[in-house]
Amino acid sequence: FEFITHSLVLSGVAALLAVAVGVILTCAGRRHADLPTRGLIRVSLIGYAIPGAVLAVGIFVPVAWLDGRIIAAARSVFGVEPGPVLQGTLLVMLAAYLVRFLAVAFNPVDSAMQRITPGQEEAARSLGLGTRAVLARVHLPLLRNGLIAGLILVFVDVMKEMPITLMTRPFGWDTLAVRIFELTSEGQWEQAALPAVALVLVGLGPLMLLNRHAERC
């Protein structure tokens, strides 16, 4: 149950974070359709094409360097020797998940955004709504299908993600995917069966929800 809890918490928070950033990128691309903005958005989505292990190393190296600078500053200013500040924290894990799965959240949200016509936005603004009010009262209700799809897809992807979790997790924050890897790598196939079945069952719920939502749409 501890592994299930860790998996659910990480997947839920990562899904919310990825979809929120996806909405921001979608709105930015909508309001600023210039080449630099489109290029930056495309660059931010390439993480899904990078293997998880490579991405984890790519994030771990600068985080370790920054930790070293923080420790050196604390030593020189306060005369103390703190432990790692950023390494092995949930913040680094969520940052890695965001880079890895931002494209998964962005695509359904962007697809839903394309269905919102400029006339709908102009009509809302003509009634005196500001930018935030247009986002809250026009965009978000019409983006609901894309938001739900993005949340479920990222949730399922993070649930089964192993390399990033294995390399960036805090001590004691093992997930179902990590537990399965540890047991199978030691040849303990019988013991790995339970977390494997639990992973399938936990991930099955969001998939059923996505299928039901797709049928309604």
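This one's a predicted model, so the numbers in the text were calculated from it and none came from an experiment.
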- Message: So which atom in Val43 and which in Ile46 form the shortest heavy-atom distance, rounded to 0.1 Å?
- Response: O-CG1, 3.1 Å
- Output for pair (Glu182 CD, Met162 CE), nearest 0.5 Å, gives 10.0 Å
- Message: Assigning hydrophobic clusters by single linkage (Ile, Leu, Val, Met, Phe, Trp, Tyr; side-chain heavy-atom cutoff under 4.5 Å), is Val197 placed with Phe3?
- Response: no
- Ala192 and Thr184 have their tightest heavy-atom pair at CB-CG2, 3.7 Å
- Message: Let's go through Ser44 and Leu25 carefully: what are the C-alpha distance in whole Å and the side-chain angles of both, what is the deciding distance for side-chain contact (heavy atoms from CB on, under 4.5 Å) to 0.1 Å, and is it a yes or a no?
- Response: CA-CA 9 Å; Ser44 68; Leu25 292 180; 3.5 Å; yes
- Message: Out of the candidates Ile152, Asp157, Val158, only one should pair with Val154 under the side-chain contact (heavy atoms from CB on, under 4.5 Å) rule; please name it.
- Response: Val158
- State, to 0.1 Å, how close Arg100 and Pro51 come at their nearest heavy-atom pair, and which atoms those are. NE-C, 4.5 Å
- Item | From CA spacing to verdict: side-chain contact (heavy atoms from CB on, under 4.5 Å), Trp173, Val9 | CA-CA 11 Å; Trp173 262 82; Val9 170; 4.2 Å; yes
- Task: Give a yes or no answer on whether the side chain of Ser11 reaches the backbone of Leu8 with a donor-acceptor pair at less than 3.5 Å.
- Result: no
- Task: Of all the heavy-atom pairs spanning Pro195 and Leu183, show the shortest one and how long it is.
- Result: CG-CD1, 4.1 Å
- Query: Is it true that Val21 and Val92 fall in one hydrophobic cluster, defined by side-chain heavy atoms closer than 4.5 Å?
  - Reply: yes
- Query: Is Val99 reachable from Val13 through a run of I, L, V, M, F, W or Y residues, each pair having side-chain heavy atoms under 4.5 Å apart?
  - Reply: yes
- Hey, is the main chain of Met113 close enough, under 3.5 Å, to the side chain of Arg30 for a donor-acceptor pair? yes
- Heavy atoms of Ile164 and Ala96 approach each other most closely as CG2-CB, 3.5 Å
- Note on the structure: Taken to the nearest 0.5 Å, the spacing of Glu2 CD from Ile4 CD1 works out to 11.0 Å
- Single-linkage hydrophobic cluster Phe155~Val178, side-chain heavy atoms < 4.5 angstrom: no
- Just do the side-chain contact (heavy atoms from CB on, under 4.5 Å) check on Leu98 and Leu94 with the steps written out, would you? CA-CA 6 Å; Leu98 177 62; Leu94 292 174; over 6 Å; no
- Message: Applying a strict under-4.5 Å side-chain criterion to I, L, V, M, F, W and Y, I'd like to know whether Leu142 and Val23 cluster together.
- Response: yes
- Nearest heavy atoms of Phe101 and Ala18, plus distance in Å: O-CB, 4.4 Å
- Message: Any side-chain to backbone donor/acceptor pair from His6 onto Thr175? Under 3.5 Å, distance only.
- Response: no
- Query: Between Ser111 and Pro108, is there a donor-acceptor pair closer than 3.5 Å when you use the side chain of the first and the backbone of the second?
  - Reply: no
- Query: Would you say the side chain of Glu161 lies within less than 4.5 Å of the side chain of Pro163, judging by non-hydrogen atoms?
  - Reply: yes
- Task: Report the C-alpha distance between Arg169 and Leu10 in whole Å, list the side-chain angles of each, state the deciding distance to 0.1 Å, and finish with yes or no for side-chain contact (heavy atoms from CB on, under 4.5 Å).
- Result: CA-CA 10 Å; Arg169 74 192 191 283; Leu10 289 175; over 6 Å; no
- Task: Calculate, to the nearest 0.5 Å, the distance between atoms CG and CG belonging to Leu199 and Leu194 respectively.
- Result: 11.5 Å
- Message: We want to know whether Tyr97 and Thr165 form a side-chain donor-acceptor pair, criterion being a heavy-atom distance below 3.5 angstrom.
- Response: yes
- Item | Interatomic distance, Asn107 atom CG to Leu102 atom CG [nearest 0.5 angstrom] | 9.0 Å
- Item | Pairwise distance CD(Gln191) to CZ(Arg179) - rounded to 0.5 angstrom | 8.5 Å
- With rounding to the nearest 0.5 Å, note down the distance linking CG in Leu153 to CD1 in Ile148. 11.5 Å
- So, the side chain of Thr26 versus the backbone of Val109: is there a donor-acceptor pair under 3.5 Å, distance only? no
